[in-house]
Chemist: 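Got a structure here, written out as structure tokens. Questions coming.
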Amino acid sequence: MPVVPLTAHTFQRRLLSWFDAHGRKHLPWQQHKTPYRVWISEIMLQQTQVGTVIPYFQHFIQRFPDVLSLAKAPLDDVLHLWAGLGYYSRARNLHQAAVMIAEQYQGRFPDTKDTLQTLPGIGRSTAGAILALAFEQPGIILDGNVKRVLARLHGLTQPINDKTTEQTLWALAENYTPVIRAADYTQAMMDLGATVCTRSKPACLTCPFLKNCTAYHHHLTACIPQKRPAKKIPTQEATFLILKRGRHVLLCKRPTQGIWGGLYCLPEIAGLADSHTVIQYCQQQFKLLVSEPKALNSFRHTFSHYHLQIHPIMVQTKKAPTKLMESTQQIWYNLSKPLAIGLPKPIQTILEALR
DNA sequence: GAGCCGTGGGT
DNA sequence: TACCCAAGGCT
């Protein structure tokens, strides 16, 4: 039994019919749809699951309901609402893009592909998504969902991240993208990938393209998309210093580049530091005399490209904070009155335990 | 262009 | 446990 061929027009018609019956239409960013809300959701959804994004989206929109409110806000406020979501360059880029829209486009959201792609954080696929979802233009998306659907439909067994495979997929995505109902089509492709053509255990028997799917007919569904060779990630160790003065804890702002860029963190000593090293460090870095350090339970935090074994160690000081020591780079964080700043997830957890 | 950039859920 | 990877983009 051969695979039934499919024209672009038939694909569109059947996908849209499926969407009308089974698509998602009640996600928060689909209500009161504006380019701004679509943009925020698309950035949050980069490499992040829908269920994780929803509460962040609600809080973010409540605090920054439009581009101008976002542009006017301090970056620390933005990072505060982003804290825990990860990939913090997204938040920094979002803020910078909001400033650009306010200053260069008079607060009017850009509506062309090329202009959108000049904004930091918006690449080819996100630009296509915004065009389609917010402006009903035939923007082309190629995210993980679309790649999986198209690769299976066409039986592409090559590694999904190959350059040539990528080009093939963009061409296929363009071929299928309709001129009308661009928003529904785009949402439908993502919904099909997210709810039917899932990575594991796809619901092929409910798929509108069952008869047309090369992967299904050749029993290749489980092999497509082919997973890239897994690279093992290294483990690093660091000592995180919990430097307490009464109800205050010392936090340092991290540099913009690198992990947790722009967020506030506990002072960090590379490797596993012993008591003597910690006392010496406090004296040299902060001019503080501290009590005998007390090591807390070590735990592991995993990033996208390495593990970090964290060794928290607590010390106390009685010295009053000086004006010299308080700066935007270095703050005494009041455990009883949390500031609106960005804190990495493991730091949130540690501070929470101290409350 | 390959490495960098977070976190949580699924298996 | 360990590994995969999710509505990617930037350098």
Side-chain angles (χ1 to χ4, degrees), chain A residues 23-24 27-30 37-57 79 82-94 96-97 116-134 139-149 159-163 166 169-170 173 183 186-195 197-202 222 225-236 254-263 265 300-308 342-349:
Chain A
R24 292 177 292 187
L27 295 169
W29 40 90
Q30 295 175 311
R37 290 167 64 92
V38 169
W39 172 49
I40 300 298
S41 70
E42 284 303 318
I43 301 300
M44 285 189 171
L45 286 161
Q46 288 172 359
Q47 301 290 282
T48 311
Q49 297 177 166
V50 168
T52 302
V53 165
I54 287 175
Y56 282 89
F57 178 83
L79 289 172
W82 205 272
L85 199 52
Y87 285 131
Y88 298 99
S89 65
R90 293 184 297 175
R92 299 194 302 271
N93 287 334
L94 208 58
Q96 190 189 332
L116 284 169
Q117 283 193 233
T118 66
L119 297 173
I122 299 181
R124 186 174 176 182
S125 185
T126 301
I130 294 174
L131 274 185
L133 296 173
I140 303 162
I141 61 165
L142 190 63
D143 59 12
N145 287 312
V146 179
K147 283 180 184 174
R148 190 169 55 252
V149 169
I160 202 79
N161 52 333
D162 274 8
K163 194 181 175 184
E166 188 97 356
L169 287 168
W170 272 110
T186 299
Q187 188 62 47
M189 284 296 279
M190 295 189 283
D191 288 356
L192 188 69
T195 65
C197 195
T198 51
R199 186 171 59 85
S200 60
K201 299 183 196 171
Q226 189 179 85
K227 48 188 170 185
R228 40 181 129 177
K231 48 188 173 184
K232 288 187 70 174
I233 63 179
T235 297
Q236 291 185 27
R254 299 186 63 92
T256 305
Q257 314 131 304
I259 207 80
W260 294 337
L263 277 68
C265 191
R300 192 171 77 161
H301 182 75
T302 299
F303 296 107
S304 49
H305 52 300
Y306 66 95
H307 303 292
L308 184 63
L343 296 170
K345 197 62 184 177
I347 306 303
Q348 286 181 36
T349 305

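Only this structure's heavy atoms are used, side chains among them; waters, hydrogens and symmetry mates stay out. In what follows, chains carry the letters A, B, and so on, assigned in the order in which the sequence lines appear, proteins first and then strands, with residues in each chain numbered from 1. In this text the structure is predicted, and so the values were computed from the model without any measurement.
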Chemist: For the side chain of K345(A), starting at C-beta, report the closest nucleotide among dC5(C), dT7(B), dA2(C).
Modeler: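 Nearest listed nucleotide: dT7(B).
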Chemist: What's the CD1-P distance between I122(A) and dC10(C), to the nearest Å?
Modeler: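 The distance from CD1 of I122(A) to P of dC10(C) comes to 9 Å, rounded to the nearest Å.
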Chemist: Any idea which of dC4(C), dC5(B), dC3(C) is nearest the I259(A) side chain?
Modeler: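 Nucleotide nearest to I259(A)'s side chain: dC5(B).
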Chemist: Using whole Å, what does the distance between atom C1' of nucleotide dG8(B) and atom CD of Q46(A) come to?
Modeler: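 One finds 17 Å between C1' of dG8(B) and CD of Q46(A), rounded.
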Chemist: Look at the side-chain N and O atoms of Y88(A) and state whether any lies under 4.0 Å from the OP1 or OP2 oxygen of dT7(B).
Modeler: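 It does, given that an N or O in the side chain of Y88(A) lies less than 4.0 Å from OP1 or OP2 of dT7(B).
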Chemist: Who are the salt bridge (charged side-chain N to carboxylate O under 4.0 Å, His left out) partners of R300(A), not counting sequence neighbours?
Modeler: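 Partners of R300(A) under the salt bridge (charged side-chain N to carboxylate O under 4.0 Å, His left out) test: none.
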Chemist: Using every non-hydrogen atom in the two residues, find where Y88(A) and G261(A) come nearest and quote the distance to one decimal.
Modeler: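 Closest approach of Y88(A) to G261(A): CB-O, 4.3 Å.
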Chemist: For DNA chain B, produce a single dot-bracket line, 5' to 3'. Pairs: Watson-Crick or G-U wobble, both distances under 3.5 Å. Symbols: ( ) within strand, [ ] crossing, | other strand, . unpaired.
Modeler: .||||.|||||
Chemist: Measure the distance from CD on Q96(A) to P on dG9(C) and round it to the nearest whole Å.
Modeler: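 About 16 Å, once rounded to whole Å.
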Chemist: How far does the P atom of dA7(C) sit from the matching atom of dC4(B), given to the nearest Å?
Modeler: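 Each nucleotide's P atom is 24 Å from the other's.
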Chemist: By a strict heavy-atom criterion of less than 4.0 Å, which residues belonging to residues 47-54 of chain A are in contact with DNA chain B?
Modeler: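 Within this stretch, Q47(A), T48(A), Q49(A) sit under 4.0 Å of the strand.
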Chemist: Calculate the interatomic distance between I233(A) atom CD1 and dG3(B) atom P; express it in whole Å.
Modeler: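 So the two atoms are 14 Å apart, to the nearest Å.
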Chemist: Give a yes/no on whether any side-chain N or O of H301(A) is located under 4.0 angstrom from OP1 or OP2 of dT7(B).
Modeler: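 True: H301(A) side-chain N/O within range (under 4.0 Å) of dT7(B) OP1/OP2.
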Chemist: Provide the closest heavy-atom pair for L116(A) versus A127(A) in the form atom of the first, atom of the second, distance.
Modeler: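 Taking every non-hydrogen atom into account, CD1-O, 3.8 Å.
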Chemist: Return the value, rounded to whole Å, for the distance between atom CG of D191(A) and atom C1' of dA7(C).
Modeler: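 Spelled out: CG on D191(A) to C1' on dA7(C) is 10 Å.
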Chemist: For nucleotides dG6(B) and dT11(C), find the distance between their P atoms and express it as a whole number of Å.
Modeler: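 These two P atoms come out 14 Å apart once rounded.
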Chemist: In sequence, state the C-alpha distance, the side-chain angles, and the governing distance for N93(A) and R90(A), and then conclude on side chain to side chain donor-acceptor pair (under 3.5 Å).
Modeler: CA-CA 5 Å; N93(A) 287 334; R90(A) 293 184 297 175; over 6 Å; no
Chemist: Check this one for me: any side-chain N or O of H305(A) less than 4.0 Å away from OP1 or OP2 of dC5(B)?
Modeler: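 Yes, such a contact exists.
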Chemist: When you get a sec, tell me which of dG8(C), dT7(B), dG6(B) is the closest nucleotide to the side chain of R90(A)?
Modeler: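 Minimum distance to the R90(A) side chain belongs to dG6(B).
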Chemist: Under 4.0 Å between any heavy atoms, over every strand shown, what does L133(A) touch: base, sugar-phosphate, or nothing? Just pick one.
Modeler: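 Counting heavy atoms under 4.0 Å across all strands, no contact is made by L133(A).
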Chemist: If you check the Y87(A) side chain, which of dT7(B), dC5(B), dA7(C) turns out closest?
Modeler: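 Nearest nucleotide to the side chain: dC5(B).
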Chemist: Where the side chain of K201(A) is concerned, which of dT11(B), dT7(B), dC5(C) is the nearest nucleotide?
Modeler: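 It is dT11(B).
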Chemist: Just to confirm, is there a sub-4.0 Å distance from OP1 or OP2 of dC5(C) to any side-chain nitrogen or oxygen of S304(A)?
Modeler: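 It does not, given that no N or O in the side chain of S304(A) lies less than 4.0 Å from OP1 or OP2 of dC5(C).
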Chemist: With rounding to the nearest 0.5 angstrom, report the CG to CG distance, L85(A) to L79(A).
Modeler: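 It comes to 11.5 Å.
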Chemist: Nearest whole angstrom, please: distance from the P of dA6(C) to the CZ of R148(A).
Modeler: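 Taking CZ of R148(A) and P of dA6(C), I get 6 Å after rounding.
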Chemist: Can you tell me how far apart CD (E42(A)) and OG1 (T126(A)) are? Round to the nearest 0.5 Å.
Modeler: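 E42(A) CD to T126(A) OG1: 6.0 Å, rounded to 0.5 Å.
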Chemist: Once you round it to whole Å, what is the distance between C1' of dA7(C) and CD1 of I140(A)?
Modeler: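 In whole Å, dA7(C) C1' and I140(A) CD1 are 16 Å from each other.
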Chemist: Given dA2(C), dT7(B), dA7(C), which nucleotide is nearest the side-chain atoms of W260(A)?
Modeler: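 In terms of side-chain proximity for W260(A), the closest of dA2(C), dT7(B), dA7(C) is dT7(B).
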Chemist: Rounded off to whole Å, could you give me the CD-to-C1' distance for the Q117(A) and dC10(C) pair?
Modeler: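 Atom-to-atom, Q117(A) to dC10(C), this comes out as 13 Å.
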